[in-house]
Amino acid sequence: MNNNLHVYNTLSRKKEVFEPLNEPFVGMYVCGPTVYSDVHLGNSRTFISFDIIYRYLLHLGYKVRYVRNITDAGHLEGDRDEGDDKFAKKAKLEKLEPMEIVQKYTLGFHDVMRIFNTLPPSIEPTATGHISEQIEMVKEILNNGYAYEKDGTVYFDVEKYDKDHPYGLLTNRKLQDLLEGTRELSGQDEKKGRLDFALWIKAKPETLMKWPSPWGWGFPGWHIECSAMSTKYLGETFDIHGGGMDLQATHHTNEIAQSQACNHTAPVKYWMHTNMLTVNGARMSKSAGNGFLPHELFTGDHPLLERGYSPMVVRFFMAQSHYRSTLDFSNEALQGAEKGFQKLMTAGETLNKLNAESESTVNVAELKANCYKAMDDDFNTPVLIAQLFDAVKMINSIKDGKEKINEADLNELKSIYNSFVVDVLGLKADELTQSSETELTADLIDLILNIRLDAKKNKDFATSDKIRDELTKKGIKIKDTKDGFEWEV
RNA sequence: GGUCUCUUGGCCGAGUGGCUAGGCAGUGGUCUGCAAAACCAUGUACGGCGGUUCGAAUCCGCCAGAGACCUCCA
């Protein structure tokens, strides 16, 4: 298929040639959100990054099964394996049922994903929908001797596991270093080892979300859901597992251990991690309270924002950095992205109006090759965008008559633009609402501008300038052409 | 405290031994009645100090600063 694609694998800390286990099929699992609060922009970045990865794999012709879970149970508040999970706590705060919390924030998440023009995953499984699979997995891990039960709670035995398989594989750490780095836990602790984590947690009498199990009423630990659901839908070994870098050390490390302990095989061929979005150099996070919500960004209703930015501008802004780099957020950077995005979109419109000549003075084949080269190099979207701005220059030069393009090249150029801008990067021009009202407005603006055109013909520049100034004040940008006009809001 | 990462021109951000990244902003020009857009031109950029090399932003060492993970977070 395409043996040029290289992906950075966290396991090897190298870029590797991408060779799916079962070409042309690709199994990809990405850790989705815990739906106890609004997704912020940092969360969105990860899903947008993997959306572009998914889109490029599809573009290359792979048959991708993309699984992204919804965590709707089992995610505890603190580092102790006790107490309420995040949903129960939030439910108390908002005076709702836990499943109302789950529903509310799942819908909100889907809205945000739609607004950012991300493709839905092939399967979006929930933790609560796969309790029996998780219980079966815990039973198997117990059978295999890598877990132990204590008073209704089942723990994973990390030190026992590490004797057979290196536990700190994903972060390249030795167990001894991890043990030294673990902070002392206060209070009573029924775990044998300090690194041990809960697979199944005993419910308290007041726990709302609980299920029967061989160990009594309880609920699953956070990490087991991803192991159970990825195994169910993608098999014991699959191609790509993704998520934010913050999940690498704990969640993903534990996933590997669970799957290995249950299935006797490493679950994932390529581990991919996206970097964090930062605000003033510090990580955007829920707990730090420096999270931007998407709608705050769109409306500009946030103390750190001068004004709002459209979802596509934000998506473009994110694509301008590599997924493995941190990306810092600022008004200046967003404004720069906005201008660049508009330039790219305008060029797309211009492209559709170009006329073919008998010959070409531009090198479309090279442009195309460069676009693939960029994406094949671990999905290097910033370099792809640099190539696309070469295309923009090409398009505008042809429009100005400085370059020529023949029909075959023109069709190829349109195909490249469509493939990479629309299909792969998932960008589209910000659309105006398609109501009759806006059509009428458009007609009126055309009318006014035709009057202005007449005034110009009569050298009545005072009138023409007045019209332009007044429309500019209302946010309508006018561009004069040789024998007419163009405008945009 | 342990482990690790990062520091690129006014801003954002690629690049990993020699070849112009790119965008935004700025400056000069072409075009236009003026403007906008577009096009052309334009910047001794690689945290500091040393080392390796014919050659280092890119490799090595030290120093400084920032951050991440180890504790819920994409």
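Computed over heavy atoms, backbone and side chain alike; hydrogens, waters and symmetry mates excluded. Since we're looking at a predicted model, the values are computed, not measured. Labels below follow one simple rule: chain letters A, B, ... track the order of the sequence lines, proteins then strands, and each chain is numbered from 1.
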*Which of parallel (below 30°), tilted (30 to 60°) and perpendicular (above 60°) describes A/Tyr56 and A/Tyr372?*
tilted
*Taking only the side-chain nitrogens and oxygens of A/Asn396, find out if one of them lies under 4.0 Å from OP1 or OP2 of B/rC39.*
yes
*For this output row, return yes or no: ring centroids of A/Tyr29 and A/Tyr233 closer than 6.0 angstrom.*
no
*For the residue pair A/Asp72 and A/Tyr105, confirm or rule out a side-chain donor-acceptor distance under 3.5 Å.*
no
*Does A/Asn43 have a side-chain nitrogen or oxygen under 4.0 Å from the phosphate oxygens OP1 or OP2 of B/rA74?*
yes
*asked:* Using only modelled atom types and a 3.5 angstrom limit, is any donor from either the side chain of A/Arg194 or the base of B/rC70 paired with an acceptor on the other?
replied: no
_Under the rule for ring pair (Phe, Tyr, Trp, His ring centres under 6.0 Å), what residues qualify as partners of A/His322, not counting sequence neighbours?_
none
*Would you indicate, yes or no, if B/rA38 has its OP1 or OP2 atom less than 4.0 angstrom from a side-chain nitrogen or oxygen of A/Thr350?*
no
*Examine distances only and state if a side-chain atom of A/Asp409 and a backbone atom of A/Asn363 form a donor-acceptor pair shorter than 3.5 Å.*
no
*Between A/Phe298 and A/Phe116, does the ring centre distance come in under 6.0 Å?*
yes
_Does A/Phe292 form a side-chain contact (heavy atoms from CB on, under 4.5 Å) with A/Leu305? I'd like the steps, not just the answer._
CA-CA 10 Å; A/Phe292 281 74; A/Leu305 290 173; 3.6 Å; yes
Would you mind writing out the side-chain donor-acceptor pairs for residues 383-391 of chain A within the sub-3.5 Å range, not counting sequence neighbours?
unit_1   : atom_1 : unit_2   : atom_2 : d
A/Gln387 : OE1    : A/Asn370 : ND2    : 3.4

*Nearest-Å distance once atom C1' is located in both B/rG2 and B/rG9*: 37 Å
*Convert the base pairs of RNA chain B into dot-bracket notation, remembering that pairs crossing earlier ones are written with [ ] and that bases paired across to another strand are shown as |; include only Watson-Crick or G-U pairs under 3.5 Å.*
(((((((..(((.....[...))).(((((.......)))))....(((((..]....))))))))))))....
*asked:* Tell me whether the side-chain N or O atoms of A/Arg468 pair up with the base of B/rA36 as donor and acceptor below 3.5 Å, since no angle test is needed here.
replied: no
*Do A/Asp328 and A/Thr326 have side-chain N/O donor and acceptor atoms under 3.5 Å apart?*
no
N/O contacts under 3.5 Å, protein versus nucleotides 45-47 of chain B?
none

*For A/Ser321, report the nucleic acid contact type (base, sugar-phosphate, nothing); a contact means any heavy atom under 4.0 Å.*
sugar-phosphate
*Of A/Trp271, A/Phe50, A/Tyr66, which meets ring-ring contact (aromatic ring centres under 6.0 Å, His included) against A/His241?*
A/Trp271
*Using the P atom in both, what is the distance from B/rG23 to B/rG17, to the nearest Å?*
24 Å
*Nearest to side-chain heavy atoms of A/Phe47, which nucleotide of B/rA14, B/rC11, B/rA74*: B/rA74
*asked:* Is the distance between the ring centroids of A/Phe47 and A/Phe109 under 6.0 Å?
replied: yes
*Output the residues of residues 243-257 of chain A in contact with RNA chain B, where contact means a heavy atom of the residue under 4.0 Å from an atom of the strand; sort by number or write none.*
A/Gly243, A/Gly244, A/Asp246, A/Leu247, A/Ala249, A/Thr250
_By the 4.0 Å heavy-atom rule, please label A/Leu344 as base, sugar-phosphate, or nothing._
nothing
*Pairwise C1' distance for B/rG29 and B/rA66, with rounding to whole Å*: 42 Å
_Once you apply a heavy-atom cut-off of 4.0 Å, does A/His40 come out as touching a base, just sugar-phosphate, or nothing?_
base
_Sidechain-backbone polar pair: A/Gln134 side chain, A/Ala127 backbone, donor-acceptor under 3.5 Å_ = yes
*Go through B/rC12, B/rG33, B/rA36 for me and flag the one nearest to the A/Lys477 side chain.*
B/rA36
*NA contact type, A/Arg45, heavy-atom cut-off 4.0 Å: base, sugar-phosphate, or nothing?*
nothing
Using nucleotides 23-32 of chain B, report all nitrogen or oxygen pairs with the protein that are shorter than 3.5 Å.
unit_1 : atom_1 : unit_2   : atom_2 : d
B/rC24 : OP1    : A/Lys343 : NZ     : 3.4
B/rA25 : OP1    : A/Lys339 : NZ     : 2.5

*How are the rings of A/Phe329 and A/Phe317 set relative to one another: parallel (under 30°), tilted (30 to 60°) or perpendicular (over 60°)?*
perpendicular
*Could you check whether A/Leu277 gets within reach of a base, just the sugar-phosphate, or nothing at all, counting any heavy atom under 4.0 Å?*
base
*Please report, rounded to the nearest Å, how far the P atom of B/rU3 is from the CD atom of A/Gln176.*
13 Å
*Would you mind telling me which of B/rG33, B/rA14, B/rC72 lies closest to the side-chain atoms of A/His322?*
B/rA14
*asked:* Angle between ring planes, A/Tyr323 versus A/Phe379, binned at 30° and 60°: parallel, tilted or perpendicular?
replied: perpendicular
*Quick one: sort the A/Phe341 and A/Phe316 rings into parallel, tilted or perpendicular, breaks at 30° and 60°.*
tilted
*asked:* I want to verify a distance call: between B/rA14, B/rC39, B/rU3, whose nearest atom is closest to the A/Arg173 side chain?
replied: B/rU3
*Could you tell me whether the phosphate oxygens of B/rG15, OP1 or OP2, come under 4.0 Å of any side-chain nitrogen or oxygen in A/Asn380?*
yes
*Identify which nucleotide among B/rG22, B/rC39, B/rC11 has an atom closest to any side-chain atom of A/Ser330, counting heavy atoms from C-beta outward.*
B/rC11
*Donor on one side chain, acceptor on other, A/Thr118 and A/Arg68, under 3.5 Å*: no
*Hey, which sits more toward the 5' end of RNA chain B by its nearest nucleotide, A/Thr326 or A/Arg452?*
A/Thr326
*Which sits closer to the 5' end of RNA chain B, A/Lys479 or A/Leu327, going by the nucleotide each is nearest to?*
A/Leu327
